[in-house]
Structure formats: structure tokens, C-alpha cells
Protein chains: 2
Amino acid sequence: MTAVWQCQGVTSTSTAGAVRQGSLRELNLAVVLRRIAAADRPPSRAELAAATGLTRATVSAVVDDLIAGRLVAEADPAPRSGAGRPARGLVLAADGPAGLGLEINVDYLAACVVDLTGTVRHHLVRRADLRPVSPADALARLAALAAEARAAAVRDGLTLAGAALAVPGLVGEGGRVRLAPNLGWRDVDVPALLADRPLVEPVAGIPPLLVENEANLAALGELHAGPPGPASFLHVSGEIGIGAGIVLDGALYRGARGWSGEIGHIPVDPRGRPCRCGGQGCLERYAGQEAILAAAGLAGADLPADTAAARLADLAGAGDPATLAALADAGTALGVAVAGVVNLLDLDTVVLGGGYAPLAPWLRPPVVAEVSRRVLTAAWSPVTVRPAALGAQSAAVGGAASMVRRIVDQPVGWLARPG
Amino acid sequence: MTAVWQCQGVTSTSTAGAVRQGSLRELNLAVVLRRIAAADRPPSRAELAAATGLTRATVSAVVDDLIAGRLVAEADPAPRSGAGRPARGLVLAADGPAGLGLEINVDYLAACVVDLTGTVRHHLVRRADLRPVSPADALARLAALAAEARAAAVRDGLTLAGAALAVPGLVGEGGRVRLAPNLGWRDVDVPALLADRPLVEPVAGIPPLLVENEANLAALGELHAGPPGPASFLHVSGEIGIGAGIVLDGALYRGARGWSGEIGHIPVDPRGRPCRCGGQGCLERYAGQEAILAAAGLAGADLPADTAAARLADLAGAGDPATLAALADAGTALGVAVAGVVNLLDLDTVVLGGGYAPLAPWLRPPVVAEVSRRVLTAAWSPVTVRPAALGAQSAAVGGAASMVRRIVDQPVGWLARPG
DNA sequence: GTCATTTAATTCAACCGTTGAACAAATTGG
DNA sequence: CCAATTTGTTCAACGGTTGAATTAAATGAC
């Protein structure tokens, strides 16, 4: 399947999978680094040799390269029991490369910096209504925010090695935003508009800018925040539309053209309300934010997305009957659609993110009820429905984390840099 | 994502992705063989070197190993225009390993042999009503049929190097058939019941028997019958239940427990007809074979699956109004569900297979209508809805083809065999 | 018919990076 | 104090790729 980091930007000059002499060391650098990243406590060279099947001599040489390249650092040896030379633990370096996550949404801009260890080192948010703003202006403001984040990273001794931009819409080939209805954007060539503002240092094999749908990057954020290993889950976020990030076996599934995740147009009532897609009875007409607001008696309030969600959460928390009923109905419709997806894709986890995260306490019970009822295997193997682990702007964090992940998965580009 | 060949059986003693000295040649054998398999005309060593990035010396050595191992053969050099040494084309050997595809269904057993080139060399079908038969007896009969196919393969100079068994149900860990309602099977340990009947020659890295859901193997059959390269599509087959094989980027997607593809329980009318899954309004109640038969006035006819499909096709071909209306309604319901899946997974092809293949002329128009109406991107990027390319017993052919694919993807196991 | 030219395939010494074994370092525990 | 144990480093050897040289097999000009 096409993973997010293959969708666009710099394509590696692949030799079609052939393993050349130089590939040996390249691949083993990645294998060892990945092991260090995934370990739940700092592994030693001997442990890495046992885990990978390489000899201690080879692991020692590979680790030397990783330390020299500031991707790995040695921890103090832990006291041991029994005879034997104490082992030096190895950890990801906290002062090497970092990823830059950016987000443009209807009412805010965000920039965050995530280091190799996954730690969010800086997170800058600017409130602004971006709907009346042209794409060029919006991106200019974003670049300014990115420059602030970059300066803060440099002060920390970090080097920004890749940027990801989350947008609320469909992203096509080459990072072009085909359609972002909430921003009023259509066919915006984002990389071209940012071309004269370098955001990060150039690193071979890492695209300088990755543009991706926000639901997809939020899902990546949840993936990277979770335990290591191949996870599969559906990350659902509800704004006007309802988007899903689909993570299968530890990788984001984007689809043939990068337009996967349109859960909002799964019909939950084939003869129901007409939808803007041309169909009728689509999920977003029942569980989209506009639908919930209308059912709660808040139609026409013209609230930005996360303000609307907060408002609904406040009302629900206060026990407003109309809001509670609206959320229950929305949860039921969402549950019907989600159950179909779980049956289809054999998933065991559903994450309520984005605009749904603050509403999760009220959405979750009816979703769980429909899922338990409709998923064939639910009796044997329950499906977990949980709110997102990441908080606000999880798309920006997810984006930064996925850029950092590319360094871990393919360290030679970084190691080849001068200095 | 977990590809079909990773689901069960022998697990390779992987060194967690580390590339050892011996891995170089192993991987390059696979790369070169894959290139030869994918080429649309026999490539030369020089062309393989250009395509893979390896030197001509290396390709020559690798090809020597593949020829010696009977995986590759040289074609006569084509006449060339202009000066220069004529190139020797290379092809997959038609007298080396082959895959054995088996199928148990309600009213027949099948065994087929597919060679490295993808050619079906033998295809044996036995009609029998297997519902009153115990699993042990059914598998004994299948083993006898497999032995016939094996004898025929041996006469051709082929060596059966792996078997795949298609069953109409859910398959769990280790090839255990958890549930096959149409056969009346529950928790049948198929590999154990066949353990004392070796079906194929042992080859390192290839499980002797792979048990898989029939929809999944049929989808693999369509995948391998299509052009090389990462295809994505939904293969839908309708018997009593409705199953889907989901192929994403050239690999079958099985899901966390191997139970993906349950499209039959996507609700198309959430307040509609009660379903045996506990939900209501599920697709199979509208487009499953029983539903179509009932709507056509054939309820209770107690026909086997493919006979029922043939009967419906006959009636529709004769213009029977009730049958035509039933198929139109079923097509509409199927279209609603399929449109949701296409939106969710961003697919561009839907294949009507299994019991739907003979009914495709009548099911396709309403499916196309709903898909065109409900898929967001249909105006820009039309979705292809087509009948399955493979004919009868596509699951057996798909199974055999996927075993052969494993040899191509990992030839060292075969090459290490004595002789 | 001969030979220059061109392209494919093979051979070869050199190199890269892994390898198994030997050795050095750093402890614990008797 | 020293044997035993475990980790980390060093080393000559090896497997397999490599770039260049050589051989093979044609075409086409003369």
C-alpha cells in the first residue's frame, strides 16, 4: 500500500528493490535505528545484535555511524547484577534532526516541532479567521509562524529536516490542494506558493514539504503516539464533513489518488436527506457538525469548527436535552457507518478525533452500541472505541512525527549531510 | 499490511529486516526473477541490469543461478537490426515449480495446477453435495482429487511447491476454519485433518498448505490475471452472504484477524429488514442470493449457489419481469454499499465475481448508476465496474497463482532444494 | 569476403561490508 | 586477588558486487 511518505515530493532514485553493495550498510543503519526507536528501554549493542541477527562487530560499526551522525546517543550504563561488563544503553538523540508540523485550518494556524524521540519541543498556534484570506496570504502567514518555530528549534540545537502541512481538504499529486471547501480553496499549488520560503534544511530522501489531508495526519499522530508495531485503526473526525484516517498495519492508507477516508458519504439512510455530493442519506447529513448543531437548535450560529465542538460539549455537559438528543442521534448514525467499516476492514479500534474528540463522552455510547450490535465478530473480539490520545492540533503533531519517522526509516540521507 | 502469504503457516526465520551478507544474493535473485515475471516481453541480461541498477556481471551471475534452478529459461535471441551481439531473452520456466489451488464449496470440489508463467495446466472439478458430508470426509475426497492433479503435474515435469485451499467462510489462525455456515462447518482444523496426506513437495519458506477465504483467493486470482503493478480493487461475490476481497496496492488486505471483506453487513437501510448478524438493513438482506431469489419468486427452491446464479441468469435473459426487477433492486442496494466503500478506500475498480459474475449484465447498470451518483470523485475519475476476468472456480486459480507468486518473490527456498 | 562498429555477455582483480573468532575491558562474587 | 562472565572492539577472511577489460556475435559498409 502507498504509505504517506511516498505520496508526493522527492522520489528516491530507487533501483527497483535491488540490493547493491552500498545498500547493505544503508539498510542496516535503518534496521538498527528502528530497533532503538522501538525499544521500551535503551538497548545495548549486544542486545541489538541478538535482536537483528547481525554480529556484534557489525552492530558496533553501525552504531558508531549513528552516534557520529547525531541520531543516537549513549546512555550511562545501568548497574548490573552478576558478573560481566556493564552494557551501554543507546537512545535516540534529542538534539539531532526534528520534524516541523504545520496546519492551516478555518480559524487557526499551527506550527510544531517534534524531535527524534517523539517529544513535542515547540507548539505555536495563531488564531485567525482564514476564510476571507487568499491562499497566498494564508501561506505567507504560515511561513512566518514556521520561521518562528524554526528559530526556536535552532536555539535548542535541533535541525529541522522535513515539514508536513495539514490542510482540511483533498490533496492531489505534488501537494496541490484540489479542494478545501471550508477554506474556500480550489486547486491551490501550495509547494509553489511556498517555494521561495525554505522552511527546513535540505536532506536527501526527505521531501522539504509534504502536504496532506488533516484527517490523515491526525491518524498518523495517533499511530506514532501509540505503542510500536503494526496497528490498524480508523480515526474519525467530524467537522462540516466527516473524514477518516485509515491506518492499516502500521501505515496510513491513502488510496489510489490520495482521497481515501471519505466516510461522510457512506449512506446511513438511502432515502434520507439530500447531500451535497449528489447522493442522499449520507452520514455527514446526520453526524456532521452542521447536522448536530441544527438538531441542537444552533443552526446558523456560524461558529468556527472547534468553537462549535466546544460549545456543543458545554451544552451537553450542562445537560441540555436538545444537545444530548442531537449527539445521541449523531452517535447512532456514526455507529451504523463505523460498524460497516469495521466489518469491511476487520479493524479492532476506532478513534474519535478532530471535532469528535471533545464530544467523545456523548458520542461513544451510541457508537459502541451500534458496533456491538452490527459487527459480526464483536462478541468474540470487542472493538475499542476511544477518544484521540493527542489533543488539539493533532494533525500538526502527526505531520511532524511522520517527518521524523522518515529519518528513522531512512537515515542515510541525514548521515550524508556535511558537518 | 499483512499480505495473504503472511497470515499463517511457516514463518520465515526473519532477522527483523537486517541485511546479512547472504541476504544480498537472496534479495537480488528475487528482484531479477520478479522483473522477468513482470516483463511484457523476454528481457535480456543487459536490460535487467539497466532496470535494476545492478551491474551486468551481477545480473549474469544471478541469472546463472536462476537457470540452474529451473526457474528461468533462455529464449532464442530475437533478430536484431543494426550491429551488435543479439540478446538472449529470458522467460519464466514452464517446467519448474507450480502451485496447487484447491477449493471446497457447497456443491463441488476443485483442484487446479498453475505454473510459474501463470498458465492453468490442469483444472479438475468434481460435483458433489458436500453439506451432509463431515469435514473429515470432504477433506479426504479433496485430497484424492489433489493427488490426481499432482500426478498430472508430475507427468508434465512440474513440481508442486505449495497448495492453497479456498473455503466459503472465516479462516483464523493456523488455517482453522472458524465458521463456514454454508458447509455447516465450525472450528475445523483443516491442516490437522490433511496432515497425513502431503499434497505438495516441501519447499523452505513456502507453507505446505494455506487455507483462505474464497473471496480473498478469488480477488488474488483477479489480481494475478491483471497487468503487473500495484492494483487496487474491490472484488465482490454474492452467495447467501456477500463477501469482498479487498486488494490494496497489489496485495490482499486481510485485516487484523483475517476477517476483512464483510461487505454484506454494511447497512443500506438502518431501519430495514432484520439480519442474522443482529443488525438490520444489511446489504445481504437486499442483494444476497436468498434475497434475490425471494424477490424473483424463487424462495425455497433450495438451489446450490452457482446453480441458483445460473437459473437467475437464464430467467433474466428470458426477460422475466420479476427476476429483472429483483436484480435491479439488488444492484441498487449493492451500488449504495459499494459507493460507500469506494469513497472510503478511494478505489477505482469494482469487480463483480463469484455468484455475481453471471449476473453482471443486470447488476452492473444500477451499480454504476449509484456509484456515479454517490462517489465524490466519480465525475473526475470514473470508477470501473466490471465482471470478473476469471471464470469458474477463480478461487482455486487465485490460490494456485498466489503460491506460485511466493516462489517468485522468495526463490531461495526453491533453489536450496536438492537436485 | 573482409573488417570496422556496435551491443551483449563473460571474466577478473579490487573493493565494501559482514563475519566468526580472538582479544580487551569492566564488572561481580567467591 | 582472581576466576568467571558479559560487553565491546579488533582482525583476517569471506561473499558478493563492482568497474573495467575481454570475448562473443551480430550488422553493414566497402
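Chain letters run A, B, ... following the sequence lines, proteins first and then strands; every chain starts at 1.
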| field | Side-chain N,O (S60(B)) to OP1/OP2 (dT10(C)) below 4.0 Å | value |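 Indeed, a polar side-chain atom of S60(B) lies that close.
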| request: Ignoring backbone atoms, test whether R45(A) places a side-chain nitrogen or oxygen under 4.0 Å from the OP1 or OP2 oxygen of dT9(D). | output: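 Result: yes.
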| Nearest-0.5 Å distance that lies between atom CG in L209(A) and atom CD1 in I206(A) |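 Going from the CG atom of L209(A) to the CD1 atom of I206(A) covers 13.0 Å.
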| request: Please lay out, stage by stage, how E74(B) and R45(B) fare under the test salt bridge (Lys or Arg N to Asp or Glu O under 4.0 Å). | output: CA-CA 10 Å; E74(B) 283 183 311; R45(B) 291 164 176 82; 2.8 Å; yes
| note | Protein-proximity profile, nucleotides 13-23 of chain C, B/S/- by nucleotide at the 4.0 Å heavy-atom cutoff, equals ---BBSBB-B-
What's touching nucleotides 27-30 of chain C from the protein side, N or O pairs under 3.5 Å?
| from | atom 1 | to | atom 2 | distance (Å) |
| --- | --- | --- | --- | --- |
| dT27(C) | O2 | G84(A) | N | 3.1 |
| dT28(C) | O4' | G82(A) | O | 3.3 |
| dT28(C) | O3' | G82(A) | N | 3.4 |

| task | Before giving the answer on side chain to side chain contact (heavy atoms under 4.5 Å, CB included), spell out for L24(B) and Q21(A) the whole-Å C-alpha distance, their side-chain angles and the decisive distance to 0.1 Å. | result | CA-CA 8 Å; L24(B) 268 175; Q21(A) 190 64 44; 4.2 Å; yes
In whole angstrom, give the distance that lies between atom [atom1] of [X] and atom [atom2] of [N].
X: D65(B); N: dG16(D); atom1: CG; atom2: C1'; result: 11 Å
X: D76(B); N: dA25(D); atom1: CG; atom2: P; result: 14 Å
X: E74(B); N: dA8(C); atom1: CD; atom2: P; result: 15 Å

| task | Check the pair E212(A), R254(A) against salt bridge (Lys or Arg N to Asp or Glu O under 4.0 Å), reporting the backbone distance first and the verdict last. | result | CA-CA 10 Å; E212(A) 177 60 71; R254(A) 292 189 85 253; 2.6 Å; yes
| Minimum heavy-atom distance V404(A)-A98(A), with the two atoms named |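 For V404(A) versus A98(A), the nearest heavy atoms are CG2-C, 3.8 Å.
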| Closest approach of G99(B) and M403(B), non-hydrogen atoms and distance? |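 So the minimum-distance heavy-atom pair works out to CA-CB, 4.2 Å.
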| query | Considering only heavy atoms from C-beta outward, does the side chain of R121(B) approach that of V114(B) to under 4.5 Å? | reply |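 No, every pair of side-chain atoms sits at 4.5 Å or beyond.
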| Looking at side-chain heavy atoms only, is the closest gap between R417(A) and P202(A) below 4.5 Å? |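 R417(A) does not reach P202(A) side chain to side chain.
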